[in-house]
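In what follows, chains are A, B, ... by sequence order, proteins preceding strands, each numbered from 1. Reckoned from all heavy atoms, side chains included, excluding hydrogens, waters and symmetry mates.
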Amino acid sequence: MKLDSTFYRRDDVVQISRELLGKVLCSRTKGAVTKAVITETEAYAGVGDRASHAWGGRRTKRTEPMFREGGTAYVYLCYGIHHLFNVVTAETGTPHAVLVRAGQPLEGIELMKKRRGRGATDRTLLSGPGSLAQAFDITTKASGTSLLGNRIWIEDHGIEFDENLIATGPRVGVDYAGEDAARPYRFLVRHDPAPTRE
DNA sequence: CGAATGATATACT
DNA sequence: GTATATCATTCGA
């Protein structure tokens, strides 16, 4: 079933980040549907988190979707090449978000390979936030889209990973964030066939 | 290991 | 309005 607003609008973004493991990310473009089981996430805890784009309450045209109600998509371009997909959580005005970093392909695999091109194998298809967004055809144009609609959404297929399969650690690529860089806000499934990095 | 690559934020004139 | 530094990464050598 599709996750509804009660899932997204809770305040504990770290808890939501953990719960998103095993959920199924779905996208539909031009009638074609692609789905994947989420296996890696990172939490970005709003104004008090130096690693977040919304740190200190920075509200700009780019970060505006993060301040909307939980259940909104926040997508932005990084390093001039990669689109990164985030799930906005909490109530309106609280810019919490969860970065989806990796997943296991479930449906529309051939289409994902076609979008990724060249050396994309089952292993590398969704390994990393930039790759995942590319495979799902998610770009900055999708930023601000509601996850309750039929363009991008998340389903619960009843998949549960055992507690000891879940690894927790510091987030990737946020060394600039000072002490906040060390926070254990990263969640991933061990021995995932589509890992990003250990 | 390091280049690629462009939108965005911020600091200027 | 213009300039410049920076970036929640990826891929190929």
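- Not one side-chain nitrogen or oxygen of A:Arg58 sits closer than 4.0 Å to the OP1 or OP2 atom of B:dT8.
- What separates NE2 of A:His83 from P of B:dA4 is a distance of 19 Å, to the nearest Å.
- Partner assigned to B:dT5 is none, using Watson-Crick or G-U wobble distances below 3.5 angstrom.
- Between the side chains of A:Thr29 and A:Arg115, a donor-acceptor pair is found at a separation under 3.5 Å.
- The pair A:Lys23-A:Glu160 does not meet the salt-bridge criterion, since no charged nitrogen lies less than 4.0 angstrom from a carboxylate oxygen.
- In this structure, the OH atom of A:Tyr74 is 14 Å from the P atom of C:dC7, given to the nearest Å.
- Atoms OH (A:Tyr76) and C1' (B:dT8) sit 11 Å apart, rounded to a whole Å.
- The distance between atom CZ of A:Arg101 and atom P of C:dT9, rounded to the nearest whole Å, is 5 Å.
- Both tests pass for A:Arg171 against the ring of A:Tyr44: distance under 6.0 Å to the centre and angle within 45° of the axis.
- Computed from coordinates, the A:Leu77 CG to C:dC7 P distance equals 15 Å when rounded to whole Å.
- The interatomic distance linking A:Tyr176 (OH) with C:dT9 (P) rounds to 8 Å, in whole Å.
- In this structure, A:Ser131 reaches the sugar-phosphate backbone alone: every heavy-atom distance under 4.0 Å involves primed, P, OP1 or OP2 atoms, never a base.
- Across B:dA9, C:dC7, B:dA4, the shortest atom-to-atom separation from the side chain of A:Arg62 is found for B:dA9.
- Summarising the geometry, the separation between CG on A:Asp49 and C1' on C:dA8 is reported as 10 Å, rounded to the nearest angstrom.
- In this entry C:dA8 has no Watson-Crick or G-U wobble partner, no candidate having both defining distances under 3.5 Å.
- Here A:His82 does not reach the OP1 or OP2 of C:dA8: none of its side-chain N or O atoms lies under 4.0 Å away.
- Counting only heavy atoms from C-beta outward, the side chains of A:Trp55 and A:Asp49 never approach each other to under 4.5 Å.
- Aromatic stacking of A:Tyr44 on C:dA8: satisfied, with centres closer than 5.5 Å and planes within an angle under 30 degrees.
- For the pair A:Tyr76/A:His53, a side-chain contact is recorded, criterion being any heavy-atom separation below 4.5 Å from C-beta on.
- Distance CD1 (A:Ile81) to C1' (C:dT10): 7 Å, rounded to an integer number of Å.
- Each of A:Tyr79 and A:Thr140 was assigned the nucleotide of DNA chain B with the nearest heavy atom; the assignment lying further toward the 5' end belongs to A:Tyr79.
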